[in-house]
*Asks:* 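Provided herewith is a single structure, encoded as structure tokens, for subsequent inquiry.
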Amino acid sequence: MSKLVTVAVPCPLRRGFDYLWPESLGRDAEIGLRVSIPFGRQQLVGVVIALDVICDIPSNKLKAVLKVLDEQPSLAAELVQLGRWAADYYHHPVGDCFAQMLPVVLRKASPPKEKPAQYWQLSANWEELPQPASRAHQQISLLAVIRQAGQLSRRQIKDLGYSNAVLNALINGGYLQQADTPAAPSIDANNTELALNAEQQHAVSAVSNSLGQFARYLLDGVTGSGKTEVYLRSIAECLARGEQVLTLIPEIGLTPQTLERFESRFPGQVRALHSGLSDGERYRSWQDISSGRARILLGTRSAVFTPFQKLGLVIVDEEHDASYKQQEGWRYSARDIAVKRAADHNCPVVLGSATPSLDSLHNAAQDRYQLLELRERAGIASKPDIRLLDIRQQNLDEGLSKTLLDAAHDTLQAGNQVLIFLNRRGFSPLLQCHGCGWVANCHACDAKMTAHFGRRELRCHHCDAREALPNICPQCHNSQLIFQGPGTERLELSLKRHFPEVDVIRIDRDTTSAKGSMQSLVDGIRDGRPSILVGTQMLAKGHHFPDVTLVGIIDIDGGLFSADFRAPERSGQLLVQVAGRAGRADKPGRVYIQTHCPDHPALLALVSEGYQPFAQQLLAERQLLSLPPVSFSAVIRADASSLRCAEDFLAAIRSELAPSDNTWSIVGPLPAPMTRKAGRFRAALILQAERRPTLHRQLAIACHTGDQLSKHKSLRWSVDVDPIDLF
DNA sequence: TCAAAAAGCGGT
DNA sequence: CCGCTTTTTGAA
Ligand SMILES: [Zn+2]
Ligand SMILES: [Zn+2]
């Protein structure tokens, strides 16, 4: 009689399915193998997640595995365990989780053909050839990179930001030849090492000394304190033990420069996984890491599921970053899963940030994480001078106060650059008729349309609605339409008027949507000419602008008064990050924050004492109110074509759950603050428990009832464990 | 998620 | 009662 296996089938059902494993497959079943299976009337690819199972389904109803798709299991048993745990923890269908853990090409039955990457190295006679034309900067710089690395694959070269055309030019010019054997990885961590200060040294030795055992570190380092150097040194130590490294980076931070910094330190050993790669390229990186061919993975959220031969160190950079949390479907936190993986592999994990999340600070306070602090800025840089500008009853020029404009003027005169931060793109967030008070609202959302002047459009930032900018009021035909409030586009125009002689460069989603446009804007800024940068949070993340000595923050007040208790934490982090753009070793920076509430205690703490005390104050508040991270929470969201429909569904779930008591609370159904979004009405149930098992048990009941409820036509719902937003 | 089966529905 | 669309159901 053939054996039974449980298969994770890619469908939205919260359970695995049992299949017969016939002798005719010609091999034994193994955990983690991909298999082709009949399911309903279709044929799907699943993953074996349990062997020798006993099930009570009559054997005549069981179907058999059709085909084994792997030679070796695609997912090691350790990862299968992790997937099952995470499906459970986040209350998401197990089959869907396993589909997401695999690279896209492995989700189909296609035979995984492994064609070896082509590596290129300098040709034997490259030195005798004439140099490439001196204006061919890209070619010259690529030559230098390859010379240093020894050999690189097409993929790696592309990752470093060189186009195929540049590589081809070098090949055609005879500078390069194909390398037949992949380079013996050289562990050469000494080439461009920077000197470490005492704090960095301490951090590196703490991490190095715990290699080979599970240990959790929170590396709290202010901007410019040299966190990356700590990572690189720790990585070198880990490689020296013959082990591999998983490094997670927020999507926005995984730039060619970052890759280049790792690649130049560890030539030939780095692979990247990010959204800019094609499915095939991602698969190649995945394979190189899982086979042990490469040792260091630099990746974004989903890279946390990559299999390793011998994982020896996990690093999560900018651990507070929201992009680590998947915001739809399987709402996992890559940061939390990374910690779990480190535990599974018995290796240290380092969470790094200049503005650690309250979760992590709380963990550190509870001695679950060991705190490593980098207080000194590397070099002799002084802390920037941060000042609050009280703009109550001030005359603002398109949102800019006179003090800020004067400071900008002085900064530009001195030959430096100015950064103006406003987390709101477009020209103005509100278009109103002066005659009758009409306001341009979105027809599909409970939101105002944002005016985009350059495109002469009204756009909704919550759905894809857009329409032509009207010339007259559609209600009273008055032509006096007024733009209320500034956006980045308006600031750009206004600053161009004030400073016609300098470049004003705007960086937001509207100016950087084209591929590569971000890079060219950033390069333009880096050449150091006096200029003004205007932008949204895109400016705050990832890129550093060494010549900026004045940062102006236009409107941060919104974050202080949000319905979401996490808003101040996020605003504070953003503010500190933006402020961190100002100044460097030899040029002290200034940060001016325009505000209507200069007496706000949290804002004052942040400005006068810094992020740590600010965060401690927020944490104390959370403690007082028993909010996360002190307690644990989950949100069940529903949206439907009518509010009633969503609310009724949630109410039905609530009626099955335990009533609130002193260890557990349930609130809702509450309509979302912006109830209607993209034509759908949204509501939520908010669950909170003192202990995780309570929350988990209630969620299991909730999911069960949710699945059972004959769901009304258009209703959609989801469960979010450890949410980062209430709605 | 997907596709077959069942249930509605207007038109004769 | 046909032919069409919409809704429900079940999957090992
Ligand atoms: Zn009007
Ligand atoms: Zn809208």
Side-chain angles (χ1 to χ4, degrees), chain A residues 1-25 28-69 75 80 83-84 86-88 90-110 279 302 305 326-332 636-642 644-646 648-649 652-653 679-681 703-720:
Chain A
M1 205 192 104
S2 55
K3 297 193 162 176
L4 291 182
V5 294
T6 303
V7 177
V9 182
C11 71
L13 299 171
R14 280 174 223 283
R15 61 184 184 283
F17 291 85
D18 296 332
Y19 283 85
L20 296 165
W21 188 275
E23 297 284 336
S24 59
L25 290 173
D28 282 342
E30 230 180 307
I31 296 271
L33 283 172
R34 294 180 310 127
V35 289
S36 178
I37 37 130
F39 189 74
R41 263 143 289 264
Q42 20 178 359
Q43 193 174 314
L44 299 172
V45 173
V47 176
V48 175
I49 58 170
L51 304 177
D52 303 322
V53 290
I54 306 154
C55 82
D56 41 12
I57 289 161
S59 59
N60 58 8
K61 286 199 75 181
L62 284 172
K63 293 183 182 173
V65 170
L66 297 172
K67 200 167 172 236
V68 182
L69 302 170
L75 298 174
V80 171
R84 298 187 71 169
D88 213 44
Y90 292 104
H91 293 269
H92 191 75
V94 73
D96 194 48
C97 297
F98 276 88
Q100 291 194 57
M101 290 172 74
L102 292 169
V104 175
V105 294
L106 291 186
R107 295 178 202 170
K108 285 161 283 171
S110 66
D279 293 344
S302 61
F305 296 115
Q326 177 125 51
Q327 285 292 36
E328 90 263 314
W330 183 18
R331 295 169 175 261
Y332 66 87
I636 302 173
R637 285 175 265 252
D639 66 81
S641 46
S642 81
R644 267 293 297 283
C645 196
D648 288 352
F649 172 80
I653 287 182
R680 302 183 60 84
F681 294 84
C703 288
H704 185 75
T705 32
D707 288 339
Q708 302 274 284
L709 281 173
S710 71
K711 37 194 164 185
H712 241 245
K713 31 190 175 284
S714 72
L715 188 125
R716 283 187 311 213
W717 65 289
S718 66
V719 175
D720 193 346

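A, B, ... follow the sequence lines: proteins, then strands. Residue 1 opens every chain. Computation of the quantities below employed the complete heavy-atom set of this structure, encompassing side-chain atoms and omitting hydrogens, waters and symmetry-equivalent molecules.
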*Asks:* Expressed as a whole number of angstroms, how long is the span from A:Gln42:CD to C:dA12:C1'?
*Replies:*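 My rounded result for the distance is 14 Å.
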*Asks:* Check the distance between B:dT1's P and A:Leu44's CG and give it to me in whole angstrom.
*Replies:*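 Taking CG of A:Leu44 and P of B:dT1, I get 13 Å after rounding.
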*Asks:* OP1 or OP2 of C:dA12 sitting under 4.0 Å from any side-chain N/O of A:Lys61?
*Replies:*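 False: A:Lys61 side-chain N/O out of range (4.0 Å or more) of C:dA12 OP1/OP2.
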*Asks:* Taking CG from A:Asp707 and P from B:dT1, how many angstroms apart are they, rounded to a whole number?
*Replies:*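 Going from CG in A:Asp707 over to P in B:dT1 covers 13 Å.
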*Asks:* Using whole Å, what does the distance between atom C1' of nucleotide B:dC2 and atom CG of A:Asp96 come to?
*Replies:*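 Between C1' of B:dC2 and CG of A:Asp96: 14 Å.
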*Asks:* Can you tell me how far P of C:dA12 sits from CG of A:Leu66, to the nearest Å?
*Replies:*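 Going from A:Leu66 (CG) to C:dA12 (P), I get 12 Å.
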*Asks:* Determine whether A:Arg84 and A:Ile49 make a side-chain contact, defined as any pair of heavy atoms from C-beta on separated by less than 4.5 Å.
*Replies:*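 Contact flag for A:Arg84/A:Ile49 side chains = yes.
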*Asks:* Once you round it to whole Å, what is the distance between C1' of C:dG10 and CD1 of A:Ile57?
*Replies:*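 Rounding to the nearest Å, CD1 of A:Ile57 and C1' of C:dG10 are 13 Å apart.
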*Asks:* Describe the nucleic acid contact of A:Leu62 in one word from base, sugar-phosphate, nothing, applying a heavy-atom distance below 4.0 Å.
*Replies:*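 Sugar-phosphate, backbone atoms only, no base.
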*Asks:* By the 4.0 Å heavy-atom rule, please label A:Leu13 as base, sugar-phosphate, or nothing.
*Replies:*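 Result for A:Leu13 = base.
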*Asks:* Of all the nucleotides listed (B:dA4, B:dT1, C:dA12), which has the minimum atom distance to the side chain of A:Arg41?
*Replies:*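 Side chain of A:Arg41 sits closest to B:dA4.
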*Asks:* Find the distance A:Asp18:CG to C:dA11:P and express it as a whole number of Å.
*Replies:*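 Taking CG of A:Asp18 and P of C:dA11, I get 14 Å after rounding.
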*Asks:* With a 4.5 Å heavy-atom cut-off, do A:Leu66 and A:Ile37 have their side chains touching?
*Replies:*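 They are not in contact (no side-chain heavy atoms under 4.5 Å apart), so the answer is no.
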*Asks:* With a 4.5 Å heavy-atom cut-off, do A:Trp330 and A:Pro93 have their side chains touching?
*Replies:*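 Contact flag for A:Trp330/A:Pro93 side chains = no.
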*Asks:* Could you check whether any side-chain heavy atom of A:Val35 comes within less than 4.5 Å of a side-chain heavy atom of A:Val47, counting everything from C-beta outward?
*Replies:*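 The answer is no, as the side chains (C-beta and beyond) never meet within the 4.5 Å cut-off.
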*Asks:* Nearest whole Å is fine: how far is C:dT8 C1' from A:Leu709 CG?
*Replies:*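 Whole-Å distance recorded here is 15 Å.
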*Asks:* When all nucleic acid strands are considered with a 4.0 Å heavy-atom cut-off, which category describes A:Phe39: base, sugar-phosphate, or nothing?
*Replies:*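 Base contact.
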